[in-house]
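Scroll down for the structure; my scribbles are underneath it.
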Amino acid sequence: MFANLRQAMLWLHSVLGLGCVGLLFLVFFMGSLALYDSELDRWMLPQTRLPMATTELSLDSQVLPLVEPLIAGQTLEQWYVELPNSRVPLLRLQTWDLQGEGHSRFIDPGAGHLLETAGSQGGDFFYRFHYTLHLQAGRLGLLLVGLASMIGLLVIIAGLLIHVRLFKDFFSFRPDKAPRRLLDLHNLSGVLALPFFLLILLSGLVISFPIYLPVGILAAYQEQAGKFEREARDLFSRPASGRTGSLASLDAMVEQARTIWQDGEPAFVRVWHPGDARAYVEIGRSLAKRLSTDAEPLYFDGSSGQLLWQARLKPAASTYSLLAGLHVAHFQQPLLRALYFLAGVGGCLMLASGLLYWIEKRRLRLPAGRAGLRSMQALAASLITGLPLATLSMLAANRLLPETLAQRADWEVAAFCAAWLAATLHSIFIVYRSAEHRAPWRAQCGLVALLALAAPLLNGLSTGDYLWRTLGQGQWAVAGVDGALLLVAILAGGAWLRLARIETRPARLEAVKDA
Amino acid sequence: MLEVLLVTGLLALHLSGLACLALAQNKHWQRLQNQGSCPTRVAPIGWGSLALSLLLAWAYQGAAFGSLIWLLLLPPSGLALSFTLAWQPHWLRPLARLLSRADEKR
């Protein structure tokens with residue numbers, strides 16, 4: 001069927017690549033945004049724009065008095081407090097009742113009151129969309145993402161085999177040759193970030209392997225839900241006694257934990273069977289300065305405050321934690337987070353330029369637009385400009401919807417979906433109406449620029465936090481999101497102007513041959 | 001202050017390392033210098049500069065974070081360099097001149 005290996009790989013690369021480009025673009029786009037989920041939280045939930053605490057919180061005298069009235073009169077399986085850190089100036093309280101129903105709330109640690117955060121999902125929407133695609137039913141989204149990652153790995157390997165001049169073209173970008181520049185951009189962004197792509201796709205699959213390949217775990221741990229995790233992560237548990245008991249000083253336990261971890265800081269405190277005589281306290285270590293997700297939890301007896309158990313991962317589990325940590329990026333080193341973000345954007349660039357190259361070459365080769373070509377043109381527009389358009393519409397809706405609206409968070413998601421659908425329909429309509437292939441781009445770039453300008457303005461109008469004020473006050477999270485939006489506005493506006501100037505040039509045969 | 005110095009040095013050495021490796025390819029060298037072929041020393045200088053930047057990255061954030069930073073710097077600095085070579089190649093002329101002068105003295 002194929003003359004040589006390269007031909008076969010070329011076929012594989014384009015067929016599988018076109019098949020999963022949509023899913024992968026979505027995942028890379030949302031994953032990049034998810035790296036700044038806390039910053040987006042601050043932007044989308046203005047009531048959480050609190051100054052960073054300068055003094056350390058005392059669990060006994062500051063946190064417990066806040067938590068106790070909230071859980072009074074309930075029998076809980078556990079409650080959990082996430083302590084403020086350099087990205088999150090809030091306390092997060094989660095409670096689980098005996099039926100396993102969870103409830104999450106944010107507390108202002110300075111003023112000591114609950115914050116009303118039901119009005120928006122904040123950055124969490126993007127974080128979850130990254131791996132669920134907002135398709136919760138039957139974990140369909142997660143399965144699709146897994147499938148796309150596996151295909152993505154195949155496509156990358158096939159792409160490497162096609163790329164004969166890997167080292168000769170390592171820095172080659174020829175912007176004056178029409179379809180060739182897209183291929184150059186595809187090769188450059190693909191090859192330079194190759195280690196990142198392999199790492200992120202593989203570790204993504206590793207993180208969710210119990211869902212992708214449940215059979216092995218089910219065979220070894222029949223009807224013992226949670227035992228696999230308990231053994232792998234070396235967790236401790238004991239049942240409640242039914243008698244009431246008191247809680248010893250949490251601060252003293254944190255002090256003990258600090259001496260055991262040496263230079264580690266606590267990130268969370270979890271109280272199991274609160275109020276029971278056999279209550280116990282789990283304290284986990286901050287992951288801000290490490291790659292691995294291993295929190296090295298310590299377990300203390302609730303009534304005496306004595307150390308009960310110290311979780312120590314076996315090497316195999318440590319390896320898994322490291323791979324997971326490389327993917328979920330819980331570390332807080334700002335430069336490294338920024339580079340992860342840029343690499344994710346680079347992934348979008350690679351996918352977009354690959355798709356556009358295929359379209360351009362097809363367009364030059366075939367006389368008239370065929371159905372396959374046209375659908376790919378519409379797909380490209382709905383991803384490359386449609387997805388930013390939907391995200392920006394969500395941010396604008398976040399600032400425009402009245403605070404009192406019932407189910408406000410759902411309306412924001414509706415705004416996202418509606419804008420995306422509209423952008424997709426617009427591209428389909430334009431692509432089928434005219435042979436002029438640039439048509440959907442110009443309008444959508446203009447709209448992206450307008451929305452990206454409107455969002456910081458709406459933020460300023462509704463909260464008073466204009467960019468100059470947030471910069472002056474050192475609210476870096478809000479200022480950063482505003483700055484990034486303005487950058488998007490400049491880039492999209494520039495593209496809009498350029499697209500207006502460019503006259504469509506007739507395709508030349510030399511250009512086709514050269515590509 | 002030390003952090004700013006480390007990060008600047010790290011970025012500068014990473015970029016100049018990649019720039020040397022690009023100039024070591026004759027097509028880029030000839031575009032900048034118009035004649036001759038690239039001195040043989042340029043590629044090793046580039047590798048040395050990249051290795052130094054890795055050392056700086058380790059000094060800045062330790063072996064784990066440092067290696068990751070160094071690896072993830074490749075896409076942004078490689079793309080920036082390729083765009084410079086395509087659109088503003090004269091920005092790299094001082095570096096090319098410096099490299100050829102070092103070769104003449106030898």
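All chains are named by letter (A, B, ...) in the order of the sequence lines, taking the proteins before the strands, and each is independently numbered beginning at 1.
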Looking at side-chain heavy atoms only, is the closest gap between [X] and [Y] below 4.5 Å?
X	Y	result
A:F171	B:L18	yes
A:D169	B:Q25	no
B:L72	A:Y340	yes
B:Q61	A:L335	no

*Check whether B:L68 gets within reach of chain A through its side chain, its backbone, both or neither, counting any heavy atom under 4.5 Å.*
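The answer is both parts of B:L68.
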*Pick one of side chain, backbone, both or neither for B:L85, based on which atoms fall under 4.5 Å of a heavy atom in chain A.*
side chain
Tell me whether [X] at atom [atom1] has more than 12 heavy atoms from other residues, nucleotides or ligands lying less than 6.0 Å away.
X	atom1	result
A:W358	CH2	yes
B:K27	NZ	yes
A:R337	CZ	yes
B:Q88	CD	yes
A:W261	CH2	yes

Measuring heavy-atom distances to chain B, does [X] have an atom under 4.5 Å in its side chain, in its backbone, in both, or in neither?
X	value
A:L326	side chain
A:L185	side chain
A:R174	neither

*A:L192 and B:L79: which non-hydrogen atoms are nearest, and at how many Å?*
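Answer, listing the atom of A:L192 first, then B:L79: CD1-N, 3.7 Å.
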_Heavy-atom pairs under 4.5 Å with chain B: which of A:L199, A:D184, A:L188 has the most?_
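Highest number of heavy-atom pairs under 4.5 Å: A:L188.
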*asked:* Counting heavy-atom pairs closer than 4.5 Å to chain A, which one of B:G78, B:G62, B:S82, B:S77 comes out on top?
replied: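 Going by pairs under 4.5 Å, I would pick B:S82.
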